[in-house]
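See structure below.
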Amino acid sequence: MSSHAAKSGEVRVRFAPSPTGYLHVGGARTALFDWLFARHYGGKFILRIEDTDVERSSPEMVEEILEGMRWLGLDWDEGPFFQSERTEHYRKAARELLESGHAYYCYCTPESLKERRDLAMKEKRNYKYEGTCRRLTSAQIEVNEGRGLPRAVRFKVPESGTVEISDHVFGKIEVAHEQIEDFVLLNSKNHPTYHLSVVVDDMEMRITHVVRGADHVSNTPKQILLYRAFGAEIPEFAHLPLILGPDKAKLSKRHGTTSVTAYRDMGYLPEAFRNFLALLGWSPGDNTEIMSTDELIERFSLDKINQSNAVFDIQKLDWLNRQYIGASTAERLAPMVQKALESKHLWRDEFNEAEREYFFATIDMLKSRMHSINDFAESGQAFFTDVYEIDEAAAKKNLKDPALKELMPLLASRLKAHDVFSLESSEQALRALAEEKQVKAGLLINAARVLLTGRAVGPPLFHIMVQLGRERTATRLERISTLTFHQ
RNA sequence: GUCCUCGUCGUCUAGCCCGGCCUAGGACACCGCCCUUUCACGGCGGUAACACGGGUUCAAAUCCCGUCGAGGACGCCA
């Protein structure tokens, strides 16, 4: 790492969401990268809530964001700090700028500004604040003040020259001062605006690295100008490429689900989701895809972040999720499966007590073919309740042979007749019956699976039988006589 | 309209900075085959990309210029 980290010895990064919505995928990715960076260098990860826009911010959204971060395991070392509680700091800073001649009062009304902007837009002209109030004489100012006109505070952007951003991801970016308008620092209600509060906070919180989305690149020159005006040290910047929807536009609500907690509710594992996010815009440089948290922290580096935007590919997320589910222990999965069952009213407390072993064994049996945690409650429902549905297509396919109406109960009685009930004994019983009745074993196997689980697909039949136990297996096989749709 | 950025398989990417090892590697998805009582898992194989045009060079995905395409930002929002 260059200058800052080396100099101060401590990396300090912040994630600064605005609580005008839930934690979305893009924000989560930013938070993850900030967090990984801080952890990699043993630095501090600071959480700051940018709620200066009181009208659009809400405490519920703050809680939502925190919940999303907790779910992803992104723990913060300091904060959350709320900008709404720091207004005085910003006002004081604005006063300083006014006194040092880096800012001025502006009496233009928002309405007249909007008019001018709209007109420019209509004429397809570029609009930039023309600096009317920047050139006010002291006499004119006195008049305005005397009339008690509402005033905003604007930053005085230098007339000529350029600002250079040195970005860890994009390299050098140069912007001419004349491209930057005199932006508002304090609005006419004396409330700080984004640029002011960010810079003041980043200075006061001694942020060494600003790691944020690339949608902030164009804000950076203004902020650098502010640091300079304050005579402060400028942090290092790393702008992250954007996450796009399938149509290649910045990912947003209209692309479907973007809330992080919604992914939790859809049955994704936080570690899978985190791994997936890490791979969006970053790669370790070799072909490694599945990485533990420690590995991610260990291998993460700013210069491996790439510059082009990335499309959110849910299929890859699904794949990762399946990988993680398959590799997880039943113990890890159990609490999540419980939640999924609860929401489908399939949960019974016995699963954590007398039937705990059964519950865990079922998870182990099913996990290799589950794409999400919610699948346990859907394709796996027959293992948790006796009132499972029987898939019609499956029944049509595997129960249509009329002979089955006799064979299945027969199989049930054979199973009951054996003194042992095991993988071997049940298979033996079924195959013996098939041979005796001159039918293919597959006919009985596939029919039995549908009867036992309601599905044509699932674990190997004899595993299902042993898992369900002799009694339930027999009962379910006999149920064929009560079914009507197979004729 | 102005400014900024990006451009390798459908998607995520490695390679690019420091030209030759690239007849461009991996992964997801897709398609075959194997395994198999189904579906998964797993294994093997396949289709598929350097946006385009110039230049520099013995040699360019890699360096330079241009074109085109895409995205982002242009608020008294953040």
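Labels below follow one simple rule: chain letters A, B, ... track the order of the sequence lines, proteins then strands, and each chain is numbered from 1.
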If we call it a pair only when both distances are under 3.5 Å in a Watson-Crick or G-U wobble match, what pairs with B:U67?
B:A51
First encountered from the 5' end of RNA chain B, between A:Q307 and A:A176
A:A176
Considering Watson-Crick and G-U wobble pairs with both distances under 3.5 Å, what does B:U62 pair with?
none
Show me, pair by pair, the donor-acceptor contacts under 3.5 angstrom made by side chains of residues 59-66 of chain A, not counting sequence neighbours?
{"unit_1": "A:E63", "atom_1": "OE2", "unit_2": "A:R70", "atom_2": "NH1", "d": "3.4"}
{"unit_1": "A:E64", "atom_1": "OE1", "unit_2": "A:T261", "atom_2": "OG1", "d": "3.3"}

Looking only at atom C1', what distance separates B:U62 and B:A49, rounded to whole Å?
16 Å
Look at all strands and tell whether A:E181 reaches a base, only sugar-phosphate, or nothing, counting heavy atoms closer than 4.0 Å.
sugar-phosphate
Would A:F15 and A:F33 count as a close aromatic pair, with their ring centres under 6.0 Å?
no
Donor-acceptor under 3.5 Å (A:D51 side chain, A:S84 main chain)
yes
Considering just the side-chain nitrogens and oxygens of A:N306, establish if one lies under 4.0 Å of OP1 or OP2 belonging to B:U13.
yes
5' precedence on RNA chain B between A:D313 and A:E174 (nearest-nucleotide basis)
A:E174
The side chain of A:S218 is closest to which nucleotide in this list: B:C12, B:C77, B:A73?
B:A73
Any sub-3.5 Å donor-acceptor pair from A:N187's side-chain atoms to A:A152's backbone N or O?
no
Exam field: side chain A:D202 to backbone A:V199, donor-acceptor pair closer than 3.5 Å:
no
So what does A:L113 touch, heavy atoms closer than 4.0 Å: a base, only the sugar-phosphate, or nothing?
base
With a 4.0 Å cut-off on heavy atoms, is A:S379 in touch with a base, just the backbone sugar-phosphate, or nothing at all?
nothing
Using a 3.5 Å distance criterion without hydrogens, assess whether the side chain of A:R449 forms a donor-acceptor pair with backbone atoms of A:P459.
yes
So, A:R299 and A:D286, do they make that salt bridge, N to O below 4.0 Å?
yes
Determine the interatomic distance between P on B:C77 and the same-named atom on B:A51; round to the nearest Å.
42 Å
Within this structure, what is the CG-to-C1' distance between A:L244 and B:U13, rounded to whole angstrom?
15 Å
Counting C-beta onward and ignoring hydrogens, is there a side-chain heavy-atom pair between A:T132 and A:Y107 closer than 4.5 Å?
no
For nucleotides B:G42 and B:A78, find the distance between their P atoms and express it as a whole number of Å.
48 Å
Atom pair distance, as rounded to whole Å: CG in A:D303 and P in B:C16:
13 Å
Under a 4.0 Å heavy-atom criterion, the protein footprint on nucleotides 30-46 of chain B, written with B, S and -, is -------BBBBSS----
Identify each donor-acceptor pair in which a side-chain atom of residues 153-162 of chain A lies under 3.5 Å from a protein atom, sequence neighbours left out, and give them as a table.
{"unit_1": "A:R154", "atom_1": "NH1", "unit_2": "A:D182", "atom_2": "O", "d": "2.6"}
{"unit_1": "A:K156", "atom_1": "NZ", "unit_2": "A:G101", "atom_2": "O", "d": "3.4"}

Nearest-angstrom distance, C1' atom, B:C9 to B:C18
27 Å
With distance as the sole test, does A:R455 use its side chain to make a donor-acceptor pair with the main-chain N or O of A:A382 at under 3.5 Å?
no
Starting from C1' on B:A14, measure out to CZ on A:R299 and report it in whole angstrom.
12 Å
Watson-Crick or G-U counterpart of B:U2, or none if no pair lies under 3.5 Å
B:A73
Look at the side chain of A:S308 and decide which nucleotide, out of B:C76, B:C6, B:U5, has an atom nearest to it.
B:C6
If I pick the P atom on B:C64 and the same atom on B:C16, what distance separates them, to the nearest angstrom?
14 Å
Taken to the nearest whole Å, CG/A:D286 to P/B:A14 is 11 Å
Using a 4.0 Å heavy-atom cut-off across all strands, classify A:K304 as base, sugar-phosphate, or nothing.
sugar-phosphate
Nucleotide paired to B:C22 in any strand shown, Watson-Crick or G-U, under 3.5 Å
none
Quick one: do A:K128 and A:E178 make a salt bridge, cutoff under 4.0 Å?
no
Nearest-Å distance once atom P is located in both B:G20 and B:A60
11 Å
Out of B:C3, B:A78, B:A14, minimum distance to the side chain of A:H216 belongs to B:A78
How close or far is atom P of B:U13 from atom CE of A:M291, stated in whole angstroms?
12 Å
Identity of whatever pairs with B:U36 - Watson-Crick or G-U, under 3.5 angstrom
none
Closest to the A:I173 side chain: B:C28, B:C4, B:A78?
B:C4
With a 3.5 angstrom cut-off on both distances, give the Watson-Crick or G-U wobble partner of B:C41, or none if there isn't one.
none
Quantified in whole Å, what is the P atom distance between nucleotide B:U67 and nucleotide B:U5?
15 Å
A:K248 side chain N/O closer than 4.0 Å to the phosphate oxygens (OP1, OP2) of B:U11?
yes
In whole Å, what is the span from the NZ atom of A:K114 to the C1' atom of B:G75?
10 Å
Contact list for RNA chain B against residues 189-201 of chain A - heavy-atom distance below 4.0 Å:
A:P192, A:T193, A:Y194
Using a cut-off of strictly less than 4.0 Å, decide whether A:K250 has a side-chain nitrogen or oxygen near OP1 or OP2 of B:A73.
yes
Is a donor on one side and an acceptor on the other found under 3.5 Å between the side chain of A:H209 and the backbone of A:V211?
no
Under a 3.5 Å cut-off for both distances, is B:A14 Watson-Crick or wobble paired, and to whom?
none
Any donor-acceptor N/O pair, A:R274 side chain to A:L72 backbone, under 3.5 Å
yes
Watson-Crick or G-U wobble partner for B:C30, using a 3.5 Å limit on both distances?
B:G46
Identify, with sequence neighbours excluded, every residue that meets salt bridge (Lys or Arg N to Asp or Glu O under 4.0 Å) alongside A:R254.
A:D247
What nucleic acid atoms does A:G281 come within less than 4.0 Å of, heavy atoms only: base, sugar-phosphate, or nothing?
sugar-phosphate
Determine the contact category for A:N219: base if any of its heavy atoms lies under 4.0 Å from a base atom, sugar-phosphate if only primed atoms, P, OP1 or OP2 are that close, otherwise nothing.
base
Backbone N or O of A:T257 within a donor-acceptor pair of the A:Y263 side chain at under 3.5 Å?
yes
Can you sort out which residues in residues 115-129 of chain A have a heavy atom within less than 4.0 Å of RNA chain B? Ascending by number, please.
A:R117, A:K124, A:N126
So what does A:G285 hit on the nucleic acid, given a heavy-atom distance under 4.0 Å: a base, only sugar-phosphate, or nothing?
sugar-phosphate
Rounding to the closest angstrom, what is the interatomic distance between B:A14 and B:C6 at atom P?
15 Å
